[in-house]
Peer 1: 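One structure is given below, represented as structure tokens, and several questions about it will come after.
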Amino acid sequence: MTCSRGCIECQNCKFSRPVHSQIGTFPLVSKRFAELHLDLIRPLPTASGYRYCVTVIDRFPRWPEA
């Protein structure tokens, strides 16, 4: 008997089918820098004293920077 069959806690954590989100619609961006997406990637292995990476994407030209 495996844990998932014999353990009520494991049974409660399982799900039977994946959840699918509906396709969203996003408004078009009409000019540069009107909408930016920022993300912080952490923690990374230390390199030259740095452990984090900030990423920025401008939605109008879809230009990424890290």
Side-chain angles (χ1 to χ4, degrees):
M1 185 184 294
T2 63
C3 176
S4 62
R5 290 185 182 197
C7 177
I8 298 298
E9 187 174 336
C10 292
Q11 284 293 321
N12 289 334
C13 292
K14 289 178 67 177
F15 59 90
S16 59
R17 59 191 152 106
V19 178
H20 297 285
S21 298
Q22 294 181 358
I23 295 175
T25 58
F26 296 95
L28 295 176
V29 181
S30 60
K31 60 183 178 178
R32 296 176 74 187
F33 305 112
E35 192 168 327
L36 299 175
H37 294 267
L38 298 168
D39 195 14
L40 178 66
I41 303 170
R42 63 175 174 86
L44 299 170
T46 303
S48 301
Y50 298 102
R51 295 195 58 174
Y52 303 94
C53 179
V54 176
T55 61
V56 181
I57 299 176
D58 185 357
R59 267 200 59 208
F60 181 69
R62 297 182 181 139
W63 184 267
E65 288 287 333

Peer 1: Tell me, do Arg42 and Arg51 make a side-chain contact under 4.5 Å, heavy atoms counted?
Peer 2: no
Peer 1: Does any non-hydrogen side-chain atom of Glu65 lie less than 4.5 Å from one of Thr55?
Peer 2: no
Peer 1: Please tell me if the side chains of Phe33 and Asp58 come closer than 4.5 Å, counting only heavy atoms from C-beta onward.
Peer 2: yes
Peer 1: Quick one: CZ on Arg62 to NE2 on His37, what's the gap to the nearest 0.5 Å?
Peer 2: 10.0 Å
Peer 1: Atom CG of residue position Leu40 - does it have more than 12 heavy atoms of other residues, nucleotides or ligands inside 6.0 Å?
Peer 2: yes
Peer 1: Nearest 0.5 Å, please: how far is CG in Leu36 from CZ in Phe60?
Peer 2: 13.0 Å
Peer 1: If you group Ile, Leu, Val, Met, Phe, Trp and Tyr by side-chain heavy-atom gaps below 4.5 Å, do Leu38 and Ile57 land in one group?
Peer 2: no
